[in-house]
Colleague: 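Please read through the structure below; I'll follow up with questions.
For the numbers below, each heavy atom of this structure counts, side chains included, while hydrogens, waters and symmetry mates do not.
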Amino acid sequence: MFQTILGLLGGLALFIFGMNLMSSSLQSVAGNKMKQILGFLTKNPILSVLAGALCTAVLQSSSATTVMAISFVSAGLMTLPQAISVILGANIGTTITAQLLAFKISDYIYVFVFLGFLLAFVAKSKKLKYWGETIFGFGLLFVGIETMGSVMKPLAYSAVFTDMIAKVADIPVLGVGVGTLMTLVVQSSSATIAVLQNFASQAGADGSSILGLQGAIPILLGDNIGTTITALIACIGQSKNAKRTAVAHCTFNISGCLLFIWFVKPYAKLIAYISPRGDEVDVISRQIANAHTIFNITMTLIWIPLIWLMVKIVMLIVPDKKEQTQSLREPRYLNQKLVGQVTTALHLTVKEIIHYGASSQDLLQQFCDFLQEETPKKQKKKIAQIIDRSSQICGLHDSIVDYLTQMFSGGKLTEQQASQTAGLMCVLGDMDRINQQYREIAMIMQSTLEKKNTILKKHYRIFEMHCNLSPKFTNGYWGQCVEKK
């Protein structure tokens, strides 16, 4: 029994490692395309659903798409209804993994492993290396499946184990609980569905599946509930809309489970009717994949016209509260969880730099307000506020530079992305020098106030000439400059 558990865990580890390797390599290859797909999002929910499904099918990870949607909502790059539509599509896209696993390619898996390793090891081009890692990860994924299948075969003849499985098959609620717990532990619905497909493919004493499609469907529903924990973890510390996006993901899967749990038997008959014919052990893996796909497509079709209702539900669960004012030192858009997704991270960095430039530009207006003050007391108070704000802006600059440095050190930048990142660093350097000038002028004015009683309004012209900046010149300048970079 101990050897069986070790073999199951080892196979599961190979599967998850292969899936993550394939997902990260595909993200590196398709990074620029991802930006175009996300830019394809409109107010039309159907297009958003298609974008979510396509992104997830490419990345092979609904969690990656969901976390990305949450981050975009938190950054203000996506509205809540758009993000909900993307998540509906992500649930469809993630079923591609189960469909791939249903193909019987066990005779060819080591060909994929060898070719993928050879391409990743020999290729000099980064793009070819990523494709090699993708193929290698794809092969490892099936090696893990085969390992799990080989160690689970003896369990089919264990009387204790088959009795326990029979209880799960006869009590749908228990099956939902088992599926949810499995995904909560593994943190991957694709992995637990793969285990389910492999386990259901084992023949019992009578030659039929030891679990059967009717017993597998409740566990499948539980897997869909368990995968929402990733979204809930991702929304910790994020904005209200980000939390609502995660809750929408939970609402989608839980509502689907509550609906389908009453129709497990007729649903199993429908899936068996539309799936390929043959011995149950041979076709049940495809049947489970089809059940997974049709479940998500059906629930998406139900919820698309009801997105307004979904928004109301999540607004009720996560109501608006007066949020504390965010410190200017803290980035508004940067997300550490997305620093490895280069295209997305660059997009967020551009937004943060524009925010940084706007904050620096506000200092000029504060200087103007300072020079309008009549009394020395008010001037001293105002100049102290300007110095404090300038220090906070310096902190924001450091956060952006650290974020860009992490992107560089990750080693995933393409030549074009590296050039874009270098351009952003140049813009940041120019903006930092201007902010430092503001700070030096503020310190001089503060020193002057300590020696004299007031600073005259005529000093504004001297200040403006020293900075070589005016409201007319700075208005919109940094936004245009960053976008060009």
Side-chain angles (χ1 to χ4, degrees), residues 6-34 37 54-65 67-68 93-152 186-198 201 230 285 289 338-345 407 409-418:
L6 286 180
L8 183 62
L9 292 176
L12 187 62
L14 279 174
F15 177 89
I16 294 175
F17 177 75
M19 188 173 62
N20 288 339
L21 179 62
M22 184 171 64
S23 175
S24 62
S25 300
L26 280 170
Q27 286 182 56
S28 299
V29 172
N32 291 325
K33 296 294 181 184
M34 284 287 298
I37 291 169
L54 185 57
C55 286
T56 306
V58 170
L59 300 179
Q60 285 293 294
S61 173
S62 62
S63 296
T65 306
V67 170
M68 192 182 306
T94 194
T95 64
I96 299 297
T97 305
Q99 293 289 350
L100 288 173
L101 295 177
F103 288 105
K104 304 297 182 181
I105 60 171
S106 56
D107 295 337
Y108 309 101
I109 56 176
Y110 291 105
V111 175
F112 286 105
V113 172
F114 175 72
L115 289 178
F117 171 77
L118 191 65
L119 187 59
F121 186 74
V122 173
K124 294 182 180 180
S125 167
K126 275 192 174 183
K127 191 171 183 179
L128 284 177
K129 282 184 179 291
Y130 288 139
W131 276 118
E133 289 175 1
T134 300
I135 297 170
F136 182 64
F138 182 75
L140 282 184
L141 185 147
F142 279 93
V143 170
I145 290 294
E146 287 296 309
T147 303
M148 287 187 286
S150 63
V151 299
M152 283 192 291
V186 179
Q187 281 290 289
S188 171
S189 61
S190 295
T192 50
I193 290 171
V195 172
L196 177 64
Q197 286 176 291
N198 215 311
S201 298
T230 306
S285 181
L338 290 177
V339 72
Q341 298 180 19
V342 179
T343 303
T344 306
M407 290 169 58
S409 61
K412 295 184 178 181
L413 295 176
T414 63
E415 187 176 344
Q416 182 182 359
Q417 289 168 341

Colleague: Excluding sequence neighbours, so at least two apart, what forms side chain to side chain contact (heavy atoms under 4.5 Å, CB included) with L118?
Modeller: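 With neighbours one apart ignored, the set is F114, V122.
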
Colleague: With sequence neighbours left out, write down each residue that passes side chain to side chain contact (heavy atoms under 4.5 Å, CB included) with A123, or none if nothing qualifies.
Modeller: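 Checked A123 against side chain to side chain contact (heavy atoms under 4.5 Å, CB included); matches are L119, L128, K129.
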
Colleague: Could you tell me which non-hydrogen atom of V143 sits nearest to which non-hydrogen atom of Y110, and how far apart they are?
Modeller: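 Closest approach of V143 to Y110: CG2-CE2, 4.0 Å.
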
Colleague: Please name all residues satisfying side chain to side chain contact (heavy atoms under 4.5 Å, CB included) with T95, sequence neighbours left out, ordered by chain then number.
Modeller: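 Partners of T95 by the side chain to side chain contact (heavy atoms under 4.5 Å, CB included) criterion, ordered by chain and then number, come out as H292, T293, N296.
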
Colleague: Applying ring-ring contact (aromatic ring centres under 6.0 Å, His included), name anything that partners F17, two or more places apart in sequence or on another chain.
Modeller: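 With sequence neighbours excluded, F17 shows a ring-ring contact (aromatic ring centres under 6.0 Å, His included) to no residue whatsoever.
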
